[in-house]
There are 2 protein chains.
Amino acid sequence: MNRHLFVSKGRDDIPRWSEAFPGARQCSPQQVRAQAGAGDHVWIMTDIEDWPGLTERLVQRGAILVALSHQPNATQAFQALNAGARGYAHALSAPALLRQVALVTVNQGLWVWPELLRQVVGSTYRALGGASQANTQALACLTARERDVALAVAAGNSNKEVARKLEITERTVKAHLGAVFRKLRVRDRMQLILTLSGQEASVTS
Amino acid sequence: MNRHLFVSKGRDDIPRWSEAFPGARQCSPQQVRAQAGAGDHVWIMTDIEDWPGLTERLVQRGAILVALSHQPNATQAFQALNAGARGYAHALSAPALLRQVALVTVNQGLWVWPELLRQVVGSTYRALGGASQANTQALACLTARERDVALAVAAGNSNKEVARKLEITERTVKAHLGAVFRKLRVRDRMQLILTLSGQEASVTS
DNA sequence: TTGTTACCTGTCCTTCGGTCCAATACTTTT
DNA sequence: AAAAGTATTGGACCGAAGGACAGGTAACAA
(Lines give C-alpha, C1' and ligand atoms only; values in the text may rest on other atoms or scores of the structure.)
Protein backbone atom coordinates (compact mmCIF):
# COMPACT_ATOMS: atom_id res chain seq x y z
CA MET A 1 0.00 0.00 0.00
CA ASN A 2 1.67 3.12 1.37
CA ARG A 3 -0.29 5.39 -0.92
CA HIS A 4 -0.74 9.04 -0.09
CA LEU A 5 -4.32 10.24 -0.22
CA PHE A 6 -5.32 13.85 0.31
CA VAL A 7 -8.87 14.46 1.42
CA SER A 8 -10.17 17.95 0.80
CA LYS A 9 -13.13 19.81 -0.56
CA GLY A 10 -11.41 22.17 -2.96
CA ARG A 11 -8.14 21.61 -4.77
CA ASP A 12 -6.21 24.76 -3.97
CA ASP A 13 -3.48 23.10 -1.95
CA ILE A 14 -2.80 20.27 -4.27
CA PRO A 15 0.37 21.61 -5.92
CA ARG A 16 2.58 21.53 -2.84
CA TRP A 17 1.12 18.24 -1.76
CA SER A 18 1.83 16.50 -4.98
CA GLU A 19 5.23 18.15 -4.94
CA ALA A 20 5.89 16.51 -1.56
CA PHE A 21 4.59 13.13 -2.67
CA PRO A 22 4.73 12.59 -6.43
CA GLY A 23 2.36 9.65 -6.34
CA ALA A 24 -0.23 11.43 -4.22
CA ARG A 25 -3.89 11.51 -5.14
CA GLN A 26 -6.65 13.87 -4.10
CA CYS A 27 -9.88 12.26 -2.96
CA SER A 28 -13.34 13.14 -1.78
CA PRO A 29 -14.42 11.93 1.69
CA GLN A 30 -16.51 9.27 -0.01
CA GLN A 31 -13.61 8.02 -2.04
CA VAL A 32 -11.26 7.56 0.89
CA ARG A 33 -14.03 5.97 2.87
CA ALA A 34 -14.29 3.40 0.13
CA GLN A 35 -10.66 3.03 -0.85
CA ALA A 36 -8.32 3.72 2.03
CA GLY A 37 -7.01 0.74 3.94
CA ALA A 38 -4.16 -0.46 6.09
CA GLY A 39 -0.87 1.25 5.44
CA ASP A 40 -2.32 4.14 3.50
CA HIS A 41 -1.27 7.61 4.48
CA VAL A 42 -4.34 9.81 4.59
CA TRP A 43 -4.09 13.58 4.86
CA ILE A 44 -7.40 15.06 5.81
CA MET A 45 -8.50 18.68 5.88
CA THR A 46 -10.35 19.80 8.98
CA ASP A 47 -12.91 21.73 7.00
CA ILE A 48 -14.48 18.51 5.87
CA GLU A 49 -17.86 17.37 7.09
CA ASP A 50 -17.36 15.11 10.13
CA TRP A 51 -13.63 14.80 9.69
CA PRO A 52 -13.16 13.36 13.18
CA GLY A 53 -15.59 10.58 12.42
CA LEU A 54 -13.96 9.81 9.10
CA THR A 55 -10.56 9.93 10.75
CA GLU A 56 -11.64 7.49 13.39
CA ARG A 57 -12.99 5.09 10.84
CA LEU A 58 -9.91 5.08 8.68
CA VAL A 59 -7.63 4.69 11.67
CA GLN A 60 -9.58 1.61 12.63
CA ARG A 61 -8.80 0.20 9.23
CA GLY A 62 -5.12 0.69 9.87
CA ALA A 63 -4.57 3.83 7.85
CA ILE A 64 -2.22 6.55 9.08
CA LEU A 65 -4.09 9.80 9.48
CA VAL A 66 -2.74 13.33 9.50
CA ALA A 67 -5.09 16.25 9.99
CA LEU A 68 -4.37 19.49 8.17
CA SER A 69 -5.80 22.85 9.09
CA HIS A 70 -5.54 26.35 7.68
CA GLN A 71 -5.79 27.75 11.20
CA PRO A 72 -4.19 25.28 13.57
CA ASN A 73 -5.49 25.52 17.11
CA ALA A 74 -5.22 23.48 20.28
CA THR A 75 -8.76 22.22 20.45
CA GLN A 76 -8.73 20.94 16.93
CA ALA A 77 -5.34 19.36 17.48
CA PHE A 78 -6.72 17.28 20.30
CA GLN A 79 -9.84 16.48 18.40
CA ALA A 80 -7.57 15.05 15.74
CA LEU A 81 -5.36 13.10 18.11
CA ASN A 82 -8.34 11.90 20.05
CA ALA A 83 -9.86 10.55 16.85
CA GLY A 84 -6.69 8.57 16.29
CA ALA A 85 -4.83 10.87 13.92
CA ARG A 86 -1.07 10.67 14.28
CA GLY A 87 -0.37 14.15 13.02
CA TYR A 88 -1.71 17.67 12.99
CA ALA A 89 -0.09 20.25 10.80
CA HIS A 90 -0.66 23.44 8.91
CA ALA A 91 -2.34 22.88 5.55
CA LEU A 92 0.18 25.04 3.76
CA SER A 93 3.25 23.37 5.16
CA ALA A 94 6.24 23.17 2.88
CA PRO A 95 6.77 19.91 0.98
CA ALA A 96 9.89 19.18 2.96
CA LEU A 97 7.94 19.52 6.19
CA LEU A 98 5.17 17.30 4.89
CA ARG A 99 7.68 14.62 4.07
CA GLN A 100 9.08 14.96 7.57
CA VAL A 101 5.60 14.53 9.00
CA ALA A 102 5.11 11.42 6.86
CA LEU A 103 8.39 9.98 8.08
CA VAL A 104 7.46 10.56 11.68
CA THR A 105 3.93 9.25 11.51
CA VAL A 106 4.82 6.16 9.55
CA ASN A 107 7.15 5.25 12.38
CA GLN A 108 4.47 5.34 15.03
CA GLY A 109 5.34 8.88 16.02
CA LEU A 110 3.12 11.85 16.65
CA TRP A 111 3.63 15.08 14.80
CA VAL A 112 1.98 18.19 16.12
CA TRP A 113 2.30 21.68 14.75
CA PRO A 114 5.27 23.03 16.78
CA GLU A 115 3.70 26.26 18.01
CA LEU A 116 0.83 24.27 19.44
CA LEU A 117 2.92 21.59 21.03
CA ARG A 118 4.56 23.71 23.68
CA GLN A 119 1.42 25.62 24.51
CA VAL A 120 -0.71 22.53 24.83
CA VAL A 121 1.61 20.36 26.84
CA GLY A 122 2.27 23.15 29.32
CA SER A 123 -1.30 24.07 30.04
CA THR A 124 -2.35 20.46 30.29
CA TYR A 125 0.32 19.54 32.76
CA ARG A 126 -0.96 22.20 35.12
CA ALA A 127 -4.57 21.27 34.59
CA LEU A 128 -3.95 17.66 35.57
CA GLY A 129 -3.62 18.11 39.28
CA GLY A 130 -5.24 15.74 41.69
CA ALA A 131 -7.53 13.12 40.34
CA SER A 132 -7.18 10.02 42.43
CA GLN A 133 -9.41 10.73 45.42
CA ALA A 134 -10.57 7.14 45.30
CA ASN A 135 -13.27 6.05 47.64
CA THR A 136 -11.35 5.51 50.86
CA GLN A 137 -14.65 4.90 52.58
CA ALA A 138 -15.28 1.68 50.75
CA LEU A 139 -11.66 0.61 50.74
CA ALA A 140 -11.36 0.95 54.49
CA CYS A 141 -12.92 -2.40 55.30
CA LEU A 142 -10.70 -4.31 52.88
CA THR A 143 -7.40 -5.97 53.65
CA ALA A 144 -4.28 -4.63 51.96
CA ARG A 145 -4.26 -7.32 49.34
CA GLU A 146 -7.93 -7.04 48.62
CA ARG A 147 -7.44 -3.33 48.14
CA ASP A 148 -4.68 -3.96 45.63
CA VAL A 149 -6.90 -6.28 43.66
CA ALA A 150 -9.96 -4.04 43.88
CA LEU A 151 -8.08 -1.00 42.63
CA ALA A 152 -6.44 -2.89 39.81
CA VAL A 153 -9.78 -4.30 38.70
CA ALA A 154 -11.43 -0.91 38.98
CA ALA A 155 -8.77 0.45 36.69
CA GLY A 156 -10.10 -1.82 33.98
CA ASN A 157 -7.73 -4.74 34.21
CA SER A 158 -8.84 -8.30 33.62
CA ASN A 159 -8.21 -10.95 36.25
CA LYS A 160 -5.31 -12.25 34.24
CA GLU A 161 -3.73 -8.81 34.07
CA VAL A 162 -4.18 -8.22 37.77
CA ALA A 163 -2.58 -11.57 38.42
CA ARG A 164 0.44 -10.64 36.34
CA LYS A 165 0.77 -7.27 38.02
CA LEU A 166 0.54 -8.56 41.58
CA GLU A 167 2.48 -11.68 40.69
CA ILE A 168 -0.12 -14.07 41.99
CA THR A 169 -2.36 -16.66 40.37
CA GLU A 170 -5.50 -15.71 38.52
CA ARG A 171 -7.25 -17.99 40.99
CA THR A 172 -6.03 -15.91 43.91
CA VAL A 173 -7.24 -12.77 42.22
CA LYS A 174 -10.66 -14.35 42.00
CA ALA A 175 -10.55 -15.28 45.67
CA HIS A 176 -9.67 -11.77 46.79
CA LEU A 177 -12.18 -10.35 44.39
CA GLY A 178 -14.89 -12.57 45.74
CA ALA A 179 -14.13 -11.27 49.23
CA VAL A 180 -14.26 -7.71 47.94
CA PHE A 181 -17.65 -8.32 46.36
CA ARG A 182 -19.01 -9.71 49.60
CA LYS A 183 -17.61 -6.94 51.78
CA LEU A 184 -18.74 -4.12 49.53
CA ARG A 185 -21.98 -5.93 48.76
CA VAL A 186 -21.68 -5.66 45.01
CA ARG A 187 -22.37 -8.46 42.60
CA ASP A 188 -19.63 -8.04 40.00
CA ARG A 189 -16.72 -5.93 38.82
CA MET A 190 -18.98 -3.47 37.06
CA GLN A 191 -20.72 -2.59 40.30
CA LEU A 192 -17.36 -2.44 42.00
CA ILE A 193 -16.03 0.19 39.69
CA LEU A 194 -19.21 2.23 40.04
CA THR A 195 -18.95 2.05 43.80
CA LEU A 196 -15.29 3.00 43.88
CA SER A 197 -15.79 5.92 41.53
CA GLY A 198 -18.48 7.27 43.80
CA GLN A 199 -21.26 6.78 41.29
CA GLU A 200 -24.33 4.73 41.87
CA ALA A 201 -25.32 1.73 39.87
CA SER A 202 -28.81 2.10 38.51
CA VAL A 203 -29.71 -1.50 38.12
CA THR A 204 -33.34 -2.45 38.30
CA SER A 205 -33.23 -6.16 38.68
CA MET B 1 26.88 15.99 16.53
CA ASN B 2 24.14 13.42 16.57
CA ARG B 3 25.72 11.43 19.32
CA HIS B 4 23.65 9.07 21.39
CA LEU B 5 24.06 9.47 25.11
CA PHE B 6 22.37 7.25 27.66
CA VAL B 7 21.90 8.63 31.13
CA SER B 8 21.30 6.06 33.81
CA LYS B 9 22.38 5.11 37.27
CA GLY B 10 23.16 1.46 36.78
CA ARG B 11 24.31 -0.22 33.61
CA ASP B 12 21.92 -3.14 33.35
CA ASP B 13 20.17 -1.93 30.19
CA ILE B 14 23.25 -0.90 28.30
CA PRO B 15 23.52 -3.98 26.04
CA ARG B 16 20.33 -3.37 24.07
CA TRP B 17 21.01 0.33 23.89
CA SER B 18 24.44 -0.08 22.42
CA GLU B 19 23.00 -2.73 20.15
CA ALA B 20 20.51 -0.17 18.87
CA PHE B 21 23.13 2.53 18.46
CA PRO B 22 26.64 1.14 18.06
CA GLY B 23 28.26 4.49 18.85
CA ALA B 24 26.21 5.07 21.97
CA ARG B 25 27.80 6.05 25.25
CA GLN B 26 26.54 5.70 28.77
CA CYS B 27 26.89 8.79 30.95
CA SER B 28 26.29 9.97 34.45
CA PRO B 29 24.00 12.96 34.99
CA GLN B 30 27.07 15.09 35.63
CA GLN B 31 28.68 14.04 32.40
CA VAL B 32 25.75 14.85 30.14
CA ARG B 33 25.23 18.12 31.92
CA ALA B 34 28.76 19.02 30.95
CA GLN B 35 28.94 17.45 27.51
CA ALA B 36 25.57 17.27 25.79
CA GLY B 37 24.77 19.97 23.27
CA ALA B 38 22.73 20.80 20.22
CA GLY B 39 21.86 17.84 18.06
CA ASP B 40 22.73 15.23 20.63
CA HIS B 41 20.26 12.50 21.26
CA VAL B 42 19.94 12.02 25.02
CA TRP B 43 18.14 9.02 26.51
CA ILE B 44 17.42 9.59 30.14
CA MET B 45 16.14 7.16 32.74
CA THR B 46 13.36 8.43 34.96
CA ASP B 47 14.90 6.96 38.08
CA ILE B 48 17.56 9.61 38.01
CA GLU B 49 17.70 12.40 40.53
CA ASP B 50 15.80 15.40 39.14
CA TRP B 51 15.48 14.00 35.64
CA PRO B 52 12.85 16.56 34.65
CA GLY B 53 15.18 19.40 35.54
CA LEU B 54 18.08 17.87 33.65
CA THR B 55 15.81 17.20 30.72
CA GLU B 56 14.67 20.79 30.64
CA ARG B 57 18.19 22.10 30.70
CA LEU B 58 19.43 19.87 27.90
CA VAL B 59 16.40 20.63 25.73
CA GLN B 60 17.20 24.31 26.07
CA ARG B 61 20.62 23.59 24.69
CA GLY B 62 19.08 21.98 21.65
CA ALA B 63 19.47 18.35 22.56
CA ILE B 64 16.79 15.80 21.70
CA LEU B 65 15.54 14.14 24.86
CA VAL B 66 13.81 10.81 25.25
CA ALA B 67 12.73 9.65 28.68
CA LEU B 68 12.87 5.96 29.49
CA SER B 69 11.00 4.27 32.29
CA HIS B 70 10.77 0.77 33.64
CA GLN B 71 7.13 1.39 34.53
CA PRO B 72 5.68 3.80 32.00
CA ASN B 73 2.73 5.75 33.36
CA ALA B 74 0.68 8.73 32.31
CA THR B 75 1.81 11.22 34.91
CA GLN B 76 5.43 10.57 34.20
CA ALA B 77 4.78 10.83 30.49
CA PHE B 78 3.37 14.29 31.05
CA GLN B 79 6.28 15.23 33.22
CA ALA B 80 8.62 14.20 30.44
CA LEU B 81 6.76 16.01 27.68
CA ASN B 82 6.35 19.06 29.86
CA ALA B 83 10.06 19.15 30.47
CA GLY B 84 10.57 19.21 26.74
CA ALA B 85 11.32 15.57 26.06
CA ARG B 86 10.28 14.42 22.62
CA GLY B 87 9.85 10.80 23.55
CA TYR B 88 8.75 8.57 26.36
CA ALA B 89 9.29 4.86 26.06
CA HIS B 90 9.82 1.68 28.02
CA ALA B 91 13.36 1.26 29.19
CA LEU B 92 13.55 -2.29 27.92
CA SER B 93 12.33 -1.55 24.42
CA ALA B 94 13.83 -3.62 21.66
CA PRO B 95 16.72 -2.08 19.70
CA ALA B 96 14.56 -1.83 16.59
CA LEU B 97 11.99 0.14 18.52
CA LEU B 98 14.65 2.41 19.97
CA ARG B 99 15.89 3.18 16.48
CA GLN B 100 12.35 3.96 15.45
CA VAL B 101 12.01 6.33 18.38
CA ALA B 102 15.24 8.01 17.37
CA LEU B 103 14.04 8.38 13.80
CA VAL B 104 10.79 9.95 14.92
CA THR B 105 12.22 12.32 17.48
CA VAL B 106 15.04 13.54 15.27
CA ASN B 107 12.38 14.59 12.81
CA GLN B 108 10.56 16.79 15.28
CA GLY B 109 8.08 14.07 16.09
CA LEU B 110 6.80 12.89 19.42
CA TRP B 111 7.07 9.29 20.43
CA VAL B 112 5.01 8.07 23.35
CA TRP B 113 4.81 4.52 24.64
CA PRO B 114 1.81 3.16 22.71
CA GLU B 115 -0.22 1.95 25.68
CA LEU B 116 0.02 5.40 27.18
CA LEU B 117 -0.67 7.35 24.04
CA ARG B 118 -4.41 6.98 24.06
CA GLN B 119 -4.54 7.61 27.74
CA VAL B 120 -2.45 10.75 27.53
CA VAL B 121 -4.28 12.15 24.57
CA GLY B 122 -7.66 11.38 26.07
CA SER B 123 -7.02 12.90 29.46
CA THR B 124 -5.39 15.91 27.89
CA TYR B 125 -8.31 16.47 25.61
CA ARG B 126 -10.65 16.54 28.55
CA ALA B 127 -8.37 18.63 30.74
CA LEU B 128 -8.37 21.30 28.08
CA GLY B 129 -12.13 21.43 28.20
CA GLY B 130 -12.28 20.81 24.48
CA ALA B 131 -15.43 18.90 25.23
CA SER B 132 -16.82 19.64 28.65
CA GLN B 133 -17.44 16.01 29.33
CA ALA B 134 -15.79 13.03 27.77
CA ASN B 135 -18.97 11.06 27.57
CA THR B 136 -20.77 13.48 25.29
CA GLN B 137 -17.76 13.43 23.03
CA ALA B 138 -17.66 9.67 23.01
CA LEU B 139 -21.38 9.24 22.62
CA ALA B 140 -21.53 11.60 19.68
CA CYS B 141 -20.35 9.03 17.19
CA LEU B 142 -22.85 6.41 18.28
CA THR B 143 -26.29 5.81 16.84
CA ALA B 144 -29.31 6.41 19.07
CA ARG B 145 -29.75 2.75 19.84
CA GLU B 146 -26.07 2.15 20.48
CA ARG B 147 -26.17 5.08 22.90
CA ASP B 148 -29.07 3.52 24.77
CA VAL B 149 -27.20 0.27 25.15
CA ALA B 150 -23.89 1.92 26.04
CA LEU B 151 -25.44 4.03 28.79
CA ALA B 152 -27.39 1.13 30.24
CA VAL B 153 -24.26 -1.01 30.32
CA ALA B 154 -22.21 1.81 31.82
CA ALA B 155 -24.79 2.06 34.59
CA GLY B 156 -23.80 -1.41 35.64
CA ASN B 157 -26.50 -3.50 33.99
CA SER B 158 -25.79 -6.93 32.59
CA ASN B 159 -26.62 -7.71 28.98
CA LYS B 160 -29.73 -9.53 30.11
CA GLU B 161 -30.94 -6.53 32.10
CA VAL B 162 -30.32 -4.16 29.25
CA ALA B 163 -32.27 -6.46 26.99
CA ARG B 164 -35.24 -6.40 29.35
CA LYS B 165 -35.12 -2.63 29.70
CA LEU B 166 -34.94 -1.90 26.02
CA GLU B 167 -37.27 -4.79 25.19
CA ILE B 168 -34.92 -6.41 22.75
CA THR B 169 -33.04 -9.70 22.71
CA GLU B 170 -29.86 -10.20 24.65
CA ARG B 171 -28.37 -11.09 21.29
CA THR B 172 -29.20 -7.64 19.94
CA VAL B 173 -27.66 -6.01 22.97
CA LYS B 174 -24.47 -7.86 22.19
CA ALA B 175 -24.58 -6.69 18.60
CA HIS B 176 -24.99 -3.04 19.54
CA LEU B 177 -22.40 -3.36 22.24
CA GLY B 178 -19.93 -4.82 19.81
CA ALA B 179 -20.43 -1.78 17.60
CA VAL B 180 -19.92 0.52 20.58
CA PHE B 181 -16.67 -1.21 21.47
CA ARG B 182 -15.40 -0.80 17.94
CA LYS B 183 -16.37 2.85 17.66
CA LEU B 184 -15.02 3.88 21.03
CA ARG B 185 -12.05 1.59 20.62
CA VAL B 186 -12.41 -0.12 23.94
CA ARG B 187 -12.06 -3.82 24.45
CA ASP B 188 -14.86 -4.55 26.93
CA ARG B 189 -17.53 -3.06 29.16
CA MET B 190 -15.04 -2.20 31.86
CA GLN B 191 -13.13 0.05 29.53
CA LEU B 192 -16.40 1.45 28.28
CA ILE B 193 -17.52 2.54 31.70
CA LEU B 194 -14.13 4.09 32.39
CA THR B 195 -14.30 6.00 29.14
CA LEU B 196 -17.82 7.23 29.72
CA SER B 197 -17.13 8.26 33.29
CA GLY B 198 -14.24 10.38 32.14
CA GLN B 199 -11.62 8.28 33.81
CA GLU B 200 -8.89 6.45 32.04
CA ALA B 201 -8.18 2.79 32.02
CA SER B 202 -4.66 2.11 33.20
CA VAL B 203 -4.15 -1.24 31.64
CA THR B 204 -0.62 -2.27 30.96
CA SER B 205 -0.99 -5.36 28.90
C1' DT C 1 -2.44 -25.22 72.30
C1' DT C 2 -6.23 -23.67 69.87
C1' DG C 3 -8.68 -20.28 67.27
C1' DT C 4 -8.69 -16.68 64.01
C1' DT C 5 -7.38 -14.14 60.19
C1' DA C 6 -4.93 -12.95 56.03
C1' DC C 7 -3.00 -14.86 52.10
C1' DC C 8 -2.29 -18.14 48.42
C1' DT C 9 -3.59 -22.12 45.33
C1' DG C 10 -6.16 -25.91 43.30
C1' DT C 11 -10.33 -28.27 40.62
C1' DC C 12 -14.95 -28.32 38.93
C1' DC C 13 -18.76 -26.10 37.19
C1' DT C 14 -22.09 -22.53 35.43
C1' DT C 15 -23.05 -18.38 33.59
C1' DC C 16 -21.78 -14.28 31.26
C1' DG C 17 -19.38 -11.58 27.71
C1' DG C 18 -17.69 -10.96 23.15
C1' DT C 19 -16.82 -12.29 18.45
C1' DC C 20 -17.51 -14.84 14.32
C1' DC C 21 -20.54 -16.42 10.89
C1' DA C 22 -24.77 -15.34 8.89
C1' DA C 23 -29.84 -13.25 7.70
C1' DT C 24 -34.08 -9.90 7.17
C1' DA C 25 -36.21 -5.46 6.97
C1' DC C 26 -36.37 -0.54 6.90
C1' DT C 27 -34.55 4.13 5.80
C1' DT C 28 -31.50 7.29 3.69
C1' DT C 29 -28.24 8.61 0.38
C1' DT C 30 -26.34 8.60 -4.16
C1' DA D 1 -32.56 1.82 -8.96
C1' DA D 2 -28.58 0.84 -6.41
C1' DA D 3 -25.86 1.35 -2.38
C1' DA D 4 -25.08 2.17 2.25
C1' DG D 5 -26.28 2.51 7.01
C1' DT D 6 -29.24 1.08 10.86
C1' DA D 7 -31.93 -2.14 13.78
C1' DT D 8 -32.99 -6.53 14.66
C1' DT D 9 -32.23 -11.54 15.39
C1' DG D 10 -30.17 -16.36 15.06
C1' DG D 11 -26.44 -19.91 16.06
C1' DA D 12 -22.02 -21.39 17.25
C1' DC D 13 -17.90 -20.76 19.58
C1' DC D 14 -14.60 -19.68 23.27
C1' DG D 15 -12.62 -17.33 26.84
C1' DA D 16 -13.53 -14.64 31.10
C1' DA D 17 -15.91 -14.28 35.38
C1' DG D 18 -17.53 -15.94 39.48
C1' DG D 19 -19.23 -19.46 42.89
C1' DA D 20 -18.66 -23.97 45.46
C1' DC D 21 -15.61 -26.79 47.69
C1' DA D 22 -11.15 -28.00 49.44
C1' DG D 23 -7.01 -27.34 50.60
C1' DG D 24 -2.06 -25.05 52.08
C1' DT D 25 1.13 -21.60 55.09
C1' DA D 26 2.14 -17.90 58.33
C1' DA D 27 1.15 -14.57 61.93
C1' DC D 28 -1.02 -13.41 66.12
C1' DA D 29 -4.02 -13.51 70.14
C1' DA D 30 -6.51 -15.97 73.84
Side-chain angles (χ1 to χ4, degrees), chain A residues 27-36 48-50 53-54 56-58 60-61 139-195 201 203 205, chain B residues 139-195 201 203 205:
Chain A
C27 302
S28 69
Q30 291 74 32
Q31 287 174 317
V32 278
R33 191 184 293 266
Q35 297 177 14
I48 284 186
E49 177 92 20
D50 189 32
L54 182 55
E56 206 157 333
R57 172 161 319 207
L58 297 180
Q60 279 170 16
R61 287 199 212 145
L139 294 174
C141 65
L142 303 180
T143 69
R145 212 51 171 160
E146 287 164 357
R147 212 169 6 248
D148 293 341
V149 173
L151 288 176
V153 165
N157 295 281
S158 69
N159 288 343
K160 204 183 294 277
E161 286 164 348
V162 176
R164 258 199 301 274
K165 282 188 177 179
L166 302 184
E167 294 181 314
I168 51 179
T169 318
E170 187 179 348
R171 180 62 195 85
T172 310
V173 173
K174 286 184 180 182
H176 286 310
L177 205 45
V180 171
F181 291 159
R182 254 182 293 110
K183 287 183 178 177
L184 300 187
R185 281 193 295 264
V186 295
R187 72 161 181 230
D188 57 25
R189 56 212 297 120
M190 289 295 285
Q191 312 272 311
L192 172 64
I193 189 174
L194 288 173
T195 301
V203 191
S205 51
Chain B
L139 292 172
C141 64
L142 303 180
T143 68
R145 210 53 170 159
E146 287 164 358
R147 215 171 359 253
D148 294 339
V149 174
L151 288 176
V153 165
N157 294 283
S158 68
N159 287 344
K160 204 184 294 276
E161 287 163 349
V162 175
R164 259 200 300 276
K165 281 188 176 177
L166 302 183
E167 293 182 316
I168 52 180
T169 318
E170 187 179 349
R171 182 62 195 80
T172 311
V173 173
K174 285 186 178 183
H176 286 310
L177 206 46
V180 171
F181 291 159
R182 254 182 293 111
K183 286 184 178 178
L184 300 188
R185 278 183 303 205
V186 295
R187 70 160 183 232
D188 56 26
R189 58 211 298 120
M190 290 295 287
Q191 312 275 315
L192 172 65
I193 192 176
L194 288 173
T195 300
V203 188
S205 52

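Numbered from 1 within each chain, the chains take letters A, B, ... in sequence-line order.
The CG atom of L166(B) sits 8 Å away from the P atom of dT8(D) (whole-angstrom rounding). Nucleotide dC7(C) holds its P atom 6 Å from the CD atom of E146(A), rounded to whole Å. We find that CG of L142(A) is positioned 10 Å from P of dC7(C), with the value rounded to whole Å. Residue H176(B) contributes atom NE2, which lies 13 Å from atom C1' of dG5(D) at whole-angstrom precision. When rounded to the nearest whole Å, the span between CD of Q191(A) and C1' of dC16(C) equals 14 Å.
Residue contacts for A179(B): at a heavy-atom cut-off of 4.0 Å it reaches no nucleic acid atom on any strand shown.
Between A154(A) and I193(A) the shortest heavy-atom distance is O-CD1, 3.2 Å. In terms of heavy atoms, V153(B) sits closest to M190(A) at O-CE, 3.3 Å. Minimum interatomic distance between V180(A) and A150(A) (heavy atoms only, all atoms of both residues): CG1-CB, 4.1 Å.
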For nucleotides 26-30 of chain D, which of its nitrogen or oxygen atoms have a protein nitrogen or oxygen under 3.5 Å away, and what is each distance?
none

Can you name the atoms? Protein N/O to nucleotides 23-30 of chain C N/O, anything below 3.5 Å, with the distance.
none

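Taking a cutoff of 4.0 Å between a charged side-chain nitrogen and a carboxylate oxygen, R145(A) and E167(A) do not qualify as a salt bridge. With salt bridges taken as basic N to acidic carboxylate O contacts below 4.0 Å, none links K165(A) and E170(A).
Here the CZ atom belonging to R187(A) is positioned 12.5 Å from the CG atom belonging to L192(A), to the nearest 0.5 angstrom. The CG atom of L177(A) sits 12.0 Å away from the OG1 atom of T172(A) when rounded to the nearest 0.5 Å.
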Please encode protein proximity along nucleotides 10-18 of chain D as a string of B, S and -, counting only heavy-atom distances under 4.0 Å.
BB----SBB
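Under the salt bridge (charged side-chain N to carboxylate O under 4.0 Å, His left out) criterion, K183(B) pairs with E146(B), not counting sequence neighbours. Partners of A175(A) under the side chain to side chain contact (heavy atoms under 4.5 Å, CB included) rule, at least two apart in sequence or in another chain, are R171(A). R147(A) pairs by the salt bridge (charged side-chain N to carboxylate O under 4.0 Å, His left out) definition with nothing, not counting sequence neighbours.
Overall bending of the helix from dT1(C)-dA30(D) to dT30(C)-dA1(D), expressed as the angle between end axes built from five pairs apiece, is 30° (10° steps).
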Quick one: do L166(B) and H176(B) satisfy side chain to side chain contact (heavy atoms under 4.5 Å, CB included)? Show the steps, please.
CA-CA 12 Å; L166(B) 302 183; H176(B) 286 310; over 6 Å; no
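The shortest distance between the side-chain N/O atoms of R145(B) and the OP1/OP2 oxygens of dT6(D) is not below 4.0 Å. The phosphate of dG5(D) (OP1 or OP2) has no side-chain N or O of T143(B) nearer than 4.0 angstrom. Within the 4.0 Å cut-off from OP1 or OP2 of dT9(D), at least one side-chain nitrogen or oxygen of T172(B) is found.
For the residue pair R164(B) and N157(B), no side-chain donor N or O sits within less than 3.5 Å of a side-chain acceptor on the partner.
Between N159(A) and R189(A), the closest side-chain pair of non-hydrogen atoms falls below 4.5 Å.
A donor-acceptor pair under 3.5 Å is formed between the side chain of S158(A) and the backbone N or O of E161(A).
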